Amino acid sequence: MATYGFGERFTDHLVTLTWTADAGWAGRPRVLPFGDLPFSPAMAGLHYGQVVFEGLKAYRRRDGALGTFRPDAHARRFQQSARRLAMPELPEELFLEAVDAFVARDGGLLPADDPRLSLYLRPILFASEASLALRPAREYTFLLMGFVTEGFFSDRPDPVSVLVSREFSRAAPGGTGQAKCAGNYAGAFLAQRQAADAGCRQVVWLDPVERRWIEEMGGMNLFFVRGSGPSAEVLTPPLTGTLLPGITRDSLLTLAAELGYTTREERISVDQWREESESGLITEAFACGTAALVTPIGEVRDGDGGWLVGDGKAGPLAMELRTALTDLHQGRVDDAHSWLRWATTEER
Ligand SMILES: *Cc1c(COP(=O)(O)O)cnc(C)c1O
């Protein structure tokens, strides 16, 4: 059986559009064959990091139709990220047109008979002007590429172990933490490597000021569960400006409330996480994002110490929310919020 890594083998096409200070957006998105692009060694994005991106997915319903999950929300976040880096904002209708053009052209590469697979779309906008002038660039290139990827679709995904980073911060007040910009990832890799060296799968970020409030896990948002059963409470750290406003986070808050749980956007400190896990008040913790959907956390390491979350296994609420999300993705339940944008694909 074919294996599908993350972002290694791309589909056959990409969609592109350019922006210049003189002319603005140059018409409509164009489809090109996927391939290497020429660039100037003086390309501003390469030197000064004016680069923002998105990550969203299309899923295949049993009848074959392809549904892209919340592309309008991704379009708006792409605009907010661009604004923060003094880049031009791609109008939402052009973003959606690029998504539609890509899904129509290459969506057929997503096998119809394997619900573990999805089509990951990667829009990116970068400063393509050849100039080292210290100012926002005067030319930008938008690209949308994609690949077929394996979700982590087993019924009980393996819980991950995490290391609380005491040395590094992902974001700072007034910084770029709430923008999906390329540099945020570069700044996070060293902490991620430290986590791996400590035998953990992921890094957990604390707030950069007091160094005690939990913010995110790697490139995913976090949730905690207090109690269990129908009276369980689902909480997630509030969007303080140093967290990336995840669209999966937003979706899970909505779905948890619809399933009858109390939801809270509330700060939780690393001491609270330990004490309440040890006392049994916190029963689950999980991370969420487009790429891996819902990832349970089994074990936390902090300095020389550590603790288990719940029994260290995937918890029932994480699994219930994960199922609610994947049922929506695959068109098995009514899409009450119109979160999916359906498209038909060209015959392959
Ligand atoms: C993209 C991202 C997320 C998750 O956002 P989704 O919209 O749910 O995919 C969380 N944290 C960071 C730092 C991210 O870059």
Side-chain angles (χ1 to χ4, degrees), residues 6-7 49 51-59 68-82 84-85 95 99 118-125 144 146-147 149 151-152 160 162 165 168-173 175-192 195 201-208 213-224 234 236-256 265 285-295 297 318 321-322 324-326 328-329 337 339-341:
F6 189 85
V51 184
V52 298
F53 65 93
E54 269 303 323
L56 65 165
K57 276 183 173 174
Y59 300 88
T68 307
F69 191 64
R70 303 191 68 178
D72 50 341
H74 286 276
R76 288 191 291 274
R77 190 172 66 186
F78 198 50
Q79 293 178 328
Q80 284 155 15
S81 298
R84 176 63 186 83
L85 269 73
F95 184 100
V99 167
S118 55
L119 183 68
Y120 183 92
L121 311 188
R122 166 52 59 83
I124 182 167
L125 179 67
L144 189 155
F147 53 89
T149 183
F152 306 81
V160 296
V162 298
S165 181
F168 299 112
S169 300
R170 194 193 71 87
T176 57
Q178 60 186 339
K180 215 166 170 70
C181 68
N184 289 348
Y185 279 66
F189 286 152
L190 187 56
Q192 176 62 40
R201 278 275 294 279
Q202 285 289 339
V203 57
V204 163
W205 302 105
L206 299 181
D207 81 280
W213 305 107
I214 308 283
E215 294 206 324
E216 296 197 57
M217 179 189 94
M220 301 173 81
N221 294 113
L222 282 172
F223 278 86
F224 301 87
V234 177
T236 190
L239 299 175
T240 54
T242 47
L243 277 74
L244 196 287
I247 289 158
T248 317
R249 173 189 181 279
D250 181 75
S251 307
L252 292 184
L253 277 174
T254 302
L255 293 174
E265 294 179 73
F286 55 89
C288 69
T290 297
L293 303 183
V294 174
T295 300
I297 297 173
L321 286 173
R322 184 190 176 86
L325 195 59
T326 52
L328 253 178
H329 290 159
H337 305 281
W339 278 345
L340 286 151
R341 183 177 174 94

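If you're wondering where the values come from, they're calculated on a predicted model, not measured in any experiment. Each ligand, and each atom within it, is numbered from 1 in the order the structure gives.
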Spacing of Lys57 atom NZ and Leu293 atom CG [to the nearest 0.5 Å] | 5.0 Å

Sub-3.5 Å donor-acceptor pair from the side chain of Glu215 to the main-chain atoms of Leu239, do we have one?
-> no

Nearest-0.5 Å distance, CG of residue Leu255 to CG of residue Asp250 = 9.5 Å

Nearest heavy atom to atom 7 (O) of ligand 1, choosing from Glu215, Arg249, Glu54, Arg77, belongs to Arg77

Identity of the nearest option to atom 10 (C) of ligand 1, non-hydrogen atoms only, from Ala73, Ala188, Gly219, Pro245 | Gly219

What residue and atom, counting heavy atoms only, is the protein's closest point to atom 9 (O) of ligand 1, and at what distance?
-> Thr290 OG1, 2.6 Å

On the 0 to 90° scale, with breaks at 30° and 60°, tag the His337-Trp339 ring pair as parallel, tilted or perpendicular.
-> parallel

When the ring centroid of Phe95 is compared with that of His74, is the distance short of 6.0 Å?
-> no

Just need the protein heavy atom nearest to atom 2 (C) of ligand 1, so name the residue and atom and give the distance.
-> Lys180 NZ, 2.6 Å

Say whether Ile247, considering both its backbone and side-chain N or O atoms, lies within less than 3.5 Å of an N or O atom on ligand 1.
-> yes

Enter the distance from Asn221:CG to Ile247:CD1 here, rounded to the nearest 0.5 Å.
-> 10.0 Å

Per-atom contacts of ligand 1 with Asn221, taking only distances under 4.0 Å to non-hydrogen atoms = 10 (C)

Quick one: look up the protein heavy atom nearest atom 11 (N) of ligand 1 and list residue, atom name and how far away it is.
-> Glu216 OE1, 2.5 Å

Atom indices of ligand 1, in the order listed, that fall short of 4.0 Å to a heavy atom of Tyr185 | 1 (C), 2 (C), 14 (C), 15 (O)

Using a strict 4.0 Å threshold on nitrogen-to-oxygen distance, state whether Arg249 and Glu216 make a salt bridge.
-> no

Give, for atom CG of Asn184 and atom CD of Gln178, the distance between the pair rounded to the nearest 0.5 Å.
-> 10.5 Å

Test of proximity, Arg170 against ligand 1: N or O pairs below 3.5 Å = no

Side chain, backbone, both or neither: which part of Met220 comes within less than 4.0 Å of ligand 1 when only heavy atoms are counted?
-> backbone

What atoms of ligand 1 come closer than 4.0 angstrom to any heavy atom of Gly246?
-> 5 (O), 6 (P), 7 (O), 8 (O)

Can you check whether Thr248 has an N/O within less than 3.5 Å of an N/O in ligand 1?
-> yes

